[in-house]
Protein chains: 2
Amino acid sequence: MGKRKISSTNTKNRDYLKNECGTMYALTLLAGRWKMTILHKLSKNELRFTELKNCIPNISDRMLSLHLKEMENDGLVERIVFAEVPPKVEYKLTESTQDLIAIWDKLDTWGNKHRAIQESEIQ
Amino acid sequence: MGKRKISSTNTKNRDYLKNECGTMYALTLLAGRWKMTILHKLSKNELRFTELKNCIPNISDRMLSLHLKEMENDGLVERIVFAEVPPKVEYKLTESTQDLIAIWDKLDTWGNKHRAIQESEIQ
DNA sequence: TTAGAAGCTTACAATTTTGTTAGAAATGGG
DNA sequence: CCCATTTCTAACAAAATTGTAAGCTTCTAA
């Protein structure tokens, strides 16, 4: 998330995989610890930095900021600055990202079903 | 992937998020560097360890082994051992995981579309 | 004048993930 | 006996991600 050593095998592999197919690309964009949660919160309405922070327990300023910036770069969220003091900044999903939300429903269903299977087999 | 310090904030946050919803749970299971690729290869037919290794450039024995073991634990793949020497082991998707493949199509489409948008905006 | 709000950033430390290299076990072939 | 094969594992090193603590800026209210 911070700096990366672009010549490392690690980074080369990451980039290679990112170009494999759309699925891998998508998952690469979504990979940060709190990204899905942030997107999920924003799927209901736009929110300010502090509002996001307050509705995501345990996230730190740094992580929130880092993730938002990356997602802005990746075209997942939009950042809207109001010329006020103290500053007011709102975040919202881009149009493209809204299509993603629909897919989550399926993944959500799958995830819950799979978890149920897993838990029943542990007995 | 290796050992984890179960009491760390890092791990606590991970676990918290894993229980948030089915989507987060699913993504947690899929999060390793090569996991999606492995599942993708297995979606066509079962494969032996070495076959997987040969069709995934750059993956190391260790990573392949680690990911397969985790995915077996997580009910994503099945491991079938043949009583032969030298050993023969085949991996295949579980039934549950096959349903996941269908979802990928949508994510793949979204990913490709989103990437196109991103690339066109960089100009 | 001191404090507080909002949205960040910086420096650093802890933790986790990934990669590298070597090698183990069991057996058949030469 | 020596080597190759297959499926891993162990020890270690490198790199990436995440977390912690503090501080910055600009104004307004107390």
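All chains are named by letter (A, B, ...) in the order of the sequence lines, taking the proteins before the strands, and each is independently numbered beginning at 1. Since we're looking at a predicted model, the values are computed, not measured. Values reported hereafter were calculated over all heavy atoms of this structure, with side chains retained and with hydrogens, waters and symmetry mates removed.
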Taking 4.0 Å as the cut-off, does a side-chain nitrogen or oxygen of B:Tyr91 come that near to OP1 or OP2 on D:dC8? yes
Is there a side-chain polar atom (N or O) of B:His67 under 4.0 Å from OP1 or OP2 of C:dT17? no
Can a donor-acceptor pair be found, under 3.5 Å and without considering hydrogens, that links the side chain of A:Trp110 to the backbone of B:Thr97? no
Determine: side-chain N/O of B:Arg48 to OP1/OP2 of D:dT6, distance under 4.0 Å, yes or no. no
B:Lys69 side chain N/O closer than 4.0 Å to the phosphate oxygens (OP1, OP2) of D:dC8? no
Where B:Leu42 and B:Tyr91 come nearest, the two heavy atoms and their spacing: CD2-O, 3.3 Å
Protein heavy-atom contacts under 4.0 Å, written 5' to 3' over nucleotides 19-30 of chain D as B (base), S (sugar-phosphate only) or - (none), form the string BB------S---
Considering the terminal five base pairs at each end of the helix from C:dT1-D:dA30 to C:dG30-D:dC1, what angle separates the two local helix axes, rounded to 10°? 30°
Please report the shortest heavy-atom distance between B:Gly111 and A:Ala26, naming the atom on each side. CA-CB, 4.3 Å
The test is side-chain contact (heavy atoms from CB on, under 4.5 Å); show your working for A:Glu90 and A:Phe49 and say whether it passes. CA-CA 7 Å; A:Glu90 274 189 0; A:Phe49 189 91; over 6 Å; no
Base, sugar-phosphate, or nothing for A:Phe82, non-hydrogen atoms under 4.0 angstrom? nothing
Can you confirm whether A:Lys106 is buried at NZ, in the sense that more than 12 heavy atoms of other residues, nucleotides or ligands lie under 6.0 Å from that atom? no
Specify the separation, in whole Å, of atom CG of A:Leu64 and atom C1' of D:dT18. 14 Å
Any A:Thr28 side-chain heavy atom under 4.5 Å of A:Leu17 side chain: no
Would you kindly give the CG-to-C1' distance between B:Asp15 and C:dT16, to the nearest whole Å? 13 Å
Counting heavy atoms not belonging to A:Glu95, are there more than 12 under 6.0 Å from its CD? no
Using side-chain heavy atoms (C-beta onward) and a distance below 4.5 Å, is A:Met24 in contact with A:Asn19? no
Rounded to the Å, how far apart are A:Leu66 CG and C:dC12 C1'? 15 Å
Given atom CD of B:Glu70 and atom C1' of D:dT9, what is their separation to the nearest angstrom? 15 Å
Please tell me if B:Ser8 has a side-chain N or O lying less than 4.0 Å from either OP1 or OP2 of C:dA14. no
Lys NZ or Arg CZ of A:Lys18 over A:Tyr25 ring: under 6.0 Å, within 45°: no
Does OP1 or OP2 of D:dC8 have a side-chain N or O of B:Lys53 closer than 4.0 Å? no
Whole-Å distance, A:Glu90 CD to C:dC8 C1', equals 17 Å
